[in-house]
Amino acid sequence: MNLMDVINIECTLDSGQVFLWYKRGGSYYIICSENVVRIEPSYEQLVHESKPRYVSVERLFRLDDDTHVINHSIGDKDALIGEAVKRFKGLRIMRQDPFQCLISFICATNTRIVRVRHMLEGICKRFGNKVEFDGLTFHTFPSPKALQDASINDLVDCGLGYRARFVKYAVHSYLDMDVKSLLDGSYDEVRDILLSIDGVGNKVADCIMLFSLEKLEAFPIDVWIWRVIAKYYRHLVGMDMDEARKLSPNMYRRASSIMRGYFGRYAGYAQQYLYCYARAYMYDDDTNTYNK
DNA sequence: CGCCAGGGGCCGT
DNA sequence: ACGGCCCATGGC
């Protein structure tokens, strides 16, 4: 069995779900909370090492998910998702730390991925720990407690702009939360809790639930997924050409709910495949670019 | 419900 | 150089 059929590291890391990772000399280094994980892709097994503590890559890359079952469950729905599953075979949804995920996606509002990385690197450099690994220097992601004394100005200095106040409040909200209830709660319960955090809206809540809180049915809709829905699933969602132009909060709820019902309990995987498909093949009519 | 700000970097012109 | 736009959200 070829490991690449089960997991494609580069495709997974480059699919917009995680921001703090680096490719150096054929190896991948991923910042997971206060640890750095090194992955060396091989055809037989995932060779890995982490510092300063052990991190389970089986957990991190959700190797407990049965991709055969999942890919059939979503891939058999229609030709488009079938094609996306085929082309991006090995794409996994990662199991991130909820706190890092929360802060990451608050930073990821209304900006580009490269800038999100700059913001998070700033936070790591200022509030995280320095870790030497293979002669390389990394700064790990701070714990909630390490970030709780950060001022809005500190965060602005990290390049967060107006997001600084949202992040500051989110740190304190998170410290007041029972993380276990976030993991155990239903999709609707957890979404409502997350939406109570200032700076967390529908899309960010869905990302946090899918990428860190075990809610594989969550179907985040960003601009790329919205283009996919507008072009291929417009009738399924039941909207006319005019409604497809802009994504209102109400339409987000409706579209996300319908896509969740359509793809089922693994809708989040479908979303991730469609995101990769859109970014690779769909043309942006508004800006006349592929926007890669 | 619709419009607008908020920041900084990147992209096309 | 320069304006428009971003893996959205909250406020009005």
Side-chain angles (χ1 to χ4, degrees), chain A residues 11-21 84 88 91 93-94 96 100-123 152-170 173 191-212 218-231 239-240 242-256 259 268-292:
Chain A
C11 176
T12 298
L13 292 174
D14 199 29
S15 68
Q17 52 180 312
V18 59
F19 303 95
L20 290 174
W21 62 278
F88 297 96
L91 171 64
I93 282 177
M94 291 173 69
Q96 297 182 46
Q100 184 175 345
C101 194
L102 166 71
I103 303 304
S104 296
F105 281 94
I106 288 176
C107 290
T109 57
N110 189 30
T111 192
R112 283 164 192 270
I113 290 173
V114 279
R115 195 179 158 214
V116 179
R117 184 151 45 231
H118 286 150
M119 294 180 213
L120 298 177
E121 281 170 347
I123 290 174
I152 291 181
N153 272 344
D154 290 336
L155 295 165
V156 166
D157 288 344
C158 295
L160 303 210
Y162 67 93
R163 302 166 192 80
R165 65 184 178 92
F166 292 138
V167 167
K168 179 173 167 55
Y169 296 141
S173 300
R191 181 185 58 191
D192 289 344
I193 294 171
L194 292 174
L195 288 179
S196 73
I197 301 173
D198 208 17
V200 175
N202 288 319
K203 191 263 181 180
V204 172
D206 273 330
C207 287
I208 297 165
M209 286 193 284
L210 177 59
F211 301 135
S212 73
F219 193 93
I221 302 175
D222 68 340
V223 290
W224 289 101
I225 293 296
W226 183 238
R227 285 171 194 148
V228 172
I229 292 174
K231 185 166 182 181
M239 57 186 185
D240 57 36
D242 197 49
E243 288 175 305
R245 291 189 63 80
K246 260 198 169 167
L247 181 56
S248 67
N250 271 345
M251 182 56 84
Y252 184 106
R253 293 281 193 118
R254 184 167 124 200
S256 181
M259 299 308 284
Y269 269 94
Q271 180 273 161
Q272 205 60 18
Y273 278 114
L274 292 173
Y275 176 81
C276 289
Y277 181 90
R279 233 177 31 160
Y281 303 112
M282 282 182 74
Y283 190 75
D284 179 359
D285 293 323
D286 296 326
T287 58
N288 294 324
T289 59
Y290 279 96
N291 202 8
K292 280 214 255 196

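Letters A, B, ... mirror the listed sequences (proteins, then strands); counts begin at 1.
Remark: A:Lys168 NZ to A:Ser173 OG distance equals 11.0 Å, nearest 0.5 Å.
Atom CZ of A:Arg245 is separated from atom C1' of B:dC3 by 16 Å (rounded to the nearest Å). To the nearest angstrom, P of C:dC5 lies 19 Å from CD1 of A:Ile113. A:Lys203 has its NZ atom 6 Å from the P atom of C:dA8, to the nearest Å. Nucleotide B:dG8 holds its C1' atom 8 Å from the CZ atom of A:Arg163, rounded to whole Å. Remark: C1' of C:dG10 and CG of A:Asn110 are 12 Å apart, rounded to the nearest angstrom. Atom-to-atom, CG of A:Leu160 to P of B:dA5 comes out at 21 Å; the value is rounded to the nearest Å. Look at CG on A:Leu194: it is 18 Å from P on C:dA8, rounded to the nearest Å. Following rounding to the nearest Å, A:Trp224 (CH2) and C:dA8 (P) show an atom-to-atom distance of 12 Å.
The same atom, P, is picked in B:dG9 and in C:dT9; the two are 23 Å apart, to the nearest Å.
Nucleic acid contact class of A:Ser15 (heavy atoms, under 4.0 Å, all strands): base. A:Tyr252 comes within contact range of no nucleotide atom at all, as no heavy-atom separation falls under 4.0 Å. Counting non-hydrogen atoms under 4.0 angstrom, A:Gln17 reaches a base of the nucleic acid. Within the 4.0 angstrom heavy-atom criterion, only backbone atoms of the sugar-phosphate kind lie near A:Val200; the bases stay farther away. Heavy atoms of A:Val116 sit nowhere under 4.0 angstrom from any nucleic acid atom.
Of the candidates C:dT9, C:dC6, B:dG6, the closest approach to any side-chain atom of A:Thr109 belongs to C:dT9. In this structure, of B:dG8, C:dT9, C:dG10, it is C:dT9 that holds the atom nearest to the side chain of A:Val204. When distances are taken from the side chain of A:Arg227 to each of B:dG6, C:dC6, B:dG9, the shortest belongs to C:dC6.
One N or O on the side chain of A:Ser104 and one on the backbone of A:Gln100 form a donor-acceptor pair closer than 3.5 Å. In this structure, A:Arg163 contributes its side chain and A:Thr109 its backbone to a donor-acceptor pair below 3.5 Å. When atom types are taken as modelled, the side chain of A:Gln271 and the backbone of A:Ala218 share no donor-acceptor pair closer than 3.5 angstrom.
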Task: Stepwise ring-ring contact (aromatic ring centres under 6.0 Å, His included) check, A:Phe88 with A:Tyr269 - done: CA-CA 11 Å; A:Phe88 297 96; A:Tyr269 269 94; over 10 Å; no
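Of the two residues contacting DNA chain C, namely A:Phe19 and A:Leu195, the nearest-nucleotide position lying further toward the 5' end is that of A:Phe19.
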